[in-house]
Structure formats: C-alpha cells, structure tokens
Amino acid sequence: MIEIKELEKYYLRGAEKVHALKGISLYIPRGDFISITGPSGTGKTTLLQIIGCLDRPSRGSVSLNGIKIENMTEKELLQIRRQKIGFVFQNFYLINGLSVLDNVLLPTIFARKEKKRKDVLPLLQKVGLLERADHKPNQLSGGEMQRVAIARALINEPEILLADEPTGNLDLDNSERIFELFRFLNSQGLTTIVVTHNPELASKTKRVIKLKDGKVEH
Amino acid sequence: MKFLKLATNNILRHKIRSFLALFGVSISIALTFSILSFNKGFEKNLAKELEGTGLHFMIVSSGCPHEVASLVLHSSVLPKYLDITLIEKLKQYPNLKLISPMLVSQLPNHQKNRIDIIYALDISHLPQLKPFLKIKGTLPSNEKEILIGYEIANHDKLTIGDIVKYGPNQKDFKVSGIIEKTGGQEDAHVYMFLSALQEILNKPQGISAIGIKLSTTEMLEKTIEQISREIPGIQIVTMGQVLNSILNLANSAKILSLSIAIIAITISFLGVMNLILMAIFERTQEIGMMRAIGASKWDIFKIIFNETLLITTGGGLIGILITTIASTTIEHFLRIFMPYMPSGKILVFDYNIAFFCILSSMIIGAMSGLFPAWKATKISPIEAIKG
C-alpha cells in the first residue's frame, strides 16, 4: 500500500521557485489500479517520480508498505527501485542491438539477480511476445516494444508498476491492448499506477485521480 | 547478461565511429610497439654485430671517438691516416691476438656513374671480423679480385667473374664472390685487398684504422693504457665506446620517434574520450532509464568505463598484431630510410614490450574513460521520465 500525506514538491528554475505539487494526500491500497490524469504541467509526472523513489518530497510524507521514503538515503531508494518498483516509459527505452530477451533481463544485472532465458519466457508469453524473444527492438512495432518494456518492468517481480504515458506514442488499437495488459497484470495482484492524458483509457482503471495545478481535483 | 556484454553492445551500435576510434588507437599502439621494438632490436643487434667482430678496440689517428663510430656507421672516410708501420710496433705486444688494419674509401664507379664504398683489409681477417656474412663464390684470393655486397650485385646485375673498374687508371677487378643479403651496410660494400686500395689512393702506407683483438680481456685496460702511452699520435676506442657513440648518434632519432608515438597516443585517446562523451550525450535518456530501473551510479560508471577499456585494449591488441604481421615490410622501409642499421632482423616480437604496450593502452584507456564515466554517473534518473 502507498500512503501519501500532504505531499509538496518545489523546484528551483533559476531564481524562480516552481510549486509542482501543493499538498497531495492519497491512499493507494495493495492491488489497486489507478490512473493519474490532468493537463500538462499539473504535476502528474512529479508525483509518479516521488512514488517511484526517483525523487524526494519537499514536504509531507510518502510511505510504501509503511516505510517512509522522505528520509531515505539514495542507496536505500535505489534498493526500493530494484526490488519493489517496475517502470514503464512513454518512449520505451529499449536498447538497440540487444535482443528482446536481453532487454527484459537488463534490470536483473543491476539487481544482481541470476535470471536466465527460462525465467524470461513466461513473462514474454504473458505480454504476448514469446515468439519475439530473439528479435531486436528495430524489428518490433511500437506496441510490441512497449510490451517488451512492460516485461522488463516485471522481471524483478515488483509490487508496484508505474507507467508514465505508456500509450503516448501508440495508436488507439495498441493503446487499448496495453491497457488490457495492465488490467490483466492488476488482476494478478500487481498495484498499477498509470499516468495518462487519455480519459477514455483512464476510465479502464479502477480509480481515476485528476490533478489540477498540483492538487487532486475532487 | 553481464556489464561487459552491455558495453560491447554499446560499442557495436555505432560501428563506424567505434571502428575509427579503435583504428586510431591501434595505429598509435602499432607505432609505439614498432618504435620500442626497433630501439631494442637496434641496440641488441648492434651490440651483437660489434661483438661478432671479436674486436676489443680500434686504433685511429688522434681525434674524437665519433669518427670510429662513423667508420662503423657509414664506412666513412676518416680525414687522417695511420701509417702501416704501426702494425710492426703493435706486434711487439704479446697480448694482441689479432691486428687487423683497414682502409675505407669512396671510389667513383665510372661505369655506373656512382660512388662505391670500398672496404679494404686483410681479406683473411674478414671471416673473423664479420662472421655473419654468407658468401656466394669465394673470398678474393689476390689483389685483382673483389667481393661485392648484395645490393651492388643486384643493382648492377653483376655475377661472379664479372669485371668492375676502379681508380684513376680504371684498373680491372674481378668479382670473386657476392655477399648474400644481410640487410645491413655490407650490402652496399665492395671488399678488396688492402694493398689494392692503397695503390688506387696512392697511399702505400696509409690505413684508416686498426682493429685489435686481445688474447685475454683481463688485460684490456692495462694494454690500452700501455699502447696509448708508448705510441704517440693515436687514439684507442673500445667497442663499448663505439657502441655508445652510435647509440648517442641514434638517440636524437629515438627521442623524436618516441615523441611522435606519444603525440599519436594522446590524439587517439582524446579521440576515444570524445567518442565516449558523444555516446553519453546521445544516451542521456537511456542512462536515465537504467538509473530508474535499478542501476547505481557505480553500475553506470562500470558500463562506460568498460566501453573505453574495450576500445583501447582492443586497439592495443590489434596494433601489436598489425606490427607483428607487417614487421618485415616495416623493417624493409626502415632499412631504405635509415642511414645505418645493423644486420639481422631488428623488429623481433618482444613479450615484455608487447605487455608494456597493452598495459599502456589499458592505463591510458582507463584515464580517458574516467571523465566520461564520471560524467555519466551525474545523469539523473528523472531524465528518462521526462521523455
């Protein structure tokens, strides 16, 4: 479960202080499937970064399964990212030259986990790309690349899946397939948080959190 | 999948760019390896060649020892002559096993419109003075015969029995033997009887130098001191001094060539650093992604550092391979351009030098990788989320 209390985040842009999040409180139980929507610049990505332990709050608190992240060292945040969080990005960020299989295995190098082909194949089957295991990213469509990225996010068996605009570069058909995949993963107990601009896709999640001007819109 | 595979993949993603950087490193290492091998081979072969003569010292007219080195280097004509009667005086010293007078001159070859280097000596001493020579035919048996070097025979298409004319009276000399290729100065020499050259030069008593071999080396210093004291107007130069003189003369070329190698290495490694920095700049978001999915700063450092080490070490290995394969060709060209090179194969593969070159390429590779790798660790994982 994720508990966010009075979360605020400031940035300094030159001499200007930018207030990205202005007191957000949220409770996301284990196994939830939520979407975060809102216009550009409302703090969606900033919120995702803090939940994903990529950044720390300026004020307020964020706890993951009861562990507060605001006072954690960079090393501790890294361990949480390795063990508990899976990331999916808008631009997929697959490494060209590496096969689908090796791309999926990438996080295991950093987590110092010994995983092999046999550990990846069930995941690729889950995302519908079993026959593409030895293909290179440039041989895949956008939708397929994003599914590889999802498999990569799942390889270390995270508790939370965070996706930042995962369908931003996909057509409608592929976008719906990705959301179907999220729904399937969530049905297996994975807490899933998706940032999206698309209200239609957002409506497929269990809850929609709307942000406006750094706050949750009620 | 390991860090090394990731680094290799990153290098292979930009094949042409990586190849050019690798090529630059391999050329600079090939250059360094060649120069170091050459210097070592040069000194070793020179010492061997001088040692091969069996001579312990040389006697020349008073002057500087460089003149003796010059005699060995270019078979140059010494400005002053010794008198042949000196030989009789030297024979009184019981410790002198071999007393070999020699006269070196340059004579015009009117048939070929060329100046030939004539090395005149007691022909019976030649096998002792230059034991490495292999001869087709025979040594000259009288004053009318000559022994010619490989290049002269090859260039003039001379064979055994042919006649060559030298001297103001265009005296005939019959080729009795041809020296097989040595790669050294002997290839361009003409060997003849001492008396024959003295007659041509109209110096019946003149000699350029006397080579001395002792019965026992224990008396070397004492003998030199005694001869110097008792015979005025001469200078005695040991073969060690000759070696040092030649090495001193070659030293400036050595420093220049090493400077060129250092410049080449610096440029190639700056090229590698530039390549890696460019790659990091292009991969900012990818590195951010890796940080987001669990890569520590040290992990990123290792990936980038491995890339640099792979290129520089690979370049170093290829450079050594290039030199090893092309050593005969390189040596051939060096022999054309170098004023003097001792006989025998100079560019010989040396494990210590090869190890030193590989180690250098790794160390300098590590140095050129430090800054880009450190810079890569500064990339924030938030970069990836920004999109």
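Order of the sequence lines sets the chain letters (A, B, ...), proteins ahead of strands, with each chain counted from 1. No hydrogens, no waters, no symmetry mates; every other heavy atom, side chains included, goes into these values. All values derive from a computational prediction rather than experimental measurement.
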Looking at [X], I want to see if its [atom1] is surrounded by more than 12 non-hydrogen atoms of other residues, nucleotides or ligands under 6.0 Å.
X	atom1	value
B:K44	NZ	no
A:E200	CD	no
B:F355	CZ	no
A:K22	NZ	yes
A:R207	CZ	yes
A:L12	CG	yes
A:R177	CZ	no
A:Y11	OH	yes

Check whether [X] gets within reach of chain B through its side chain, its backbone, both or neither, counting any heavy atom under 4.5 Å.
X	result
A:Q83	neither
A:Q79	neither
A:R117	neither

Worksheet, complete the sentence: Cut-off 4.5 Å, heavy atoms of chain A, and the answer for B:I293 is both

Item to complete: Check whether B:I11 gets within reach of chain A through its side chain, its backbone, both or neither, counting any heavy atom under 4.5 Å.
Response: neither

Response to the item:
The residue among A:L78, A:L77, A:L54, A:D55 that forms side-chain contact (heavy atoms from CB on, under 4.5 Å) with B:P381 is A:L54

Contact check, side chains of [X] and [Y], non-hydrogen atoms, under 4.5 Å:
X	Y	answer
A:R112	B:D299	yes
A:I95	B:R13	yes
A:K75	B:K297	no
B:M289	A:N91	no
A:N96	B:N9	no

Worksheet item: Yes or no on side chain to side chain contact (heavy atoms under 4.5 Å, CB included) for B:S296 and A:R82, after CA distance, side-chain angles and deciding distance?
Response: CA-CA 10 Å; B:S296 64; A:R82 283 176 177 171; 3.7 Å; yes

Worksheet, complete the sentence: Residues B:G294 and A:F110: closest non-hydrogen pair is O-CB, 3.2 Å

Discussion item. Distance check, rounded to the nearest 0.5 Å: B:L6 atom CG versus A:L98 atom CG?
Written reply: 6.0 Å

Practice prompt. Return yes if some donor-acceptor pair links the side-chain N/O of A:R81 with the main-chain N/O of B:A295 below 3.5 Å, else return no.
Written response: no

Discussion item. Checking side-chain hydrogen bond (donor to acceptor under 3.5 Å, both in side chains) between A:Y93 and each of B:Q285, B:E286, B:R283, which is the one that passes?
Written reply: B:Q285

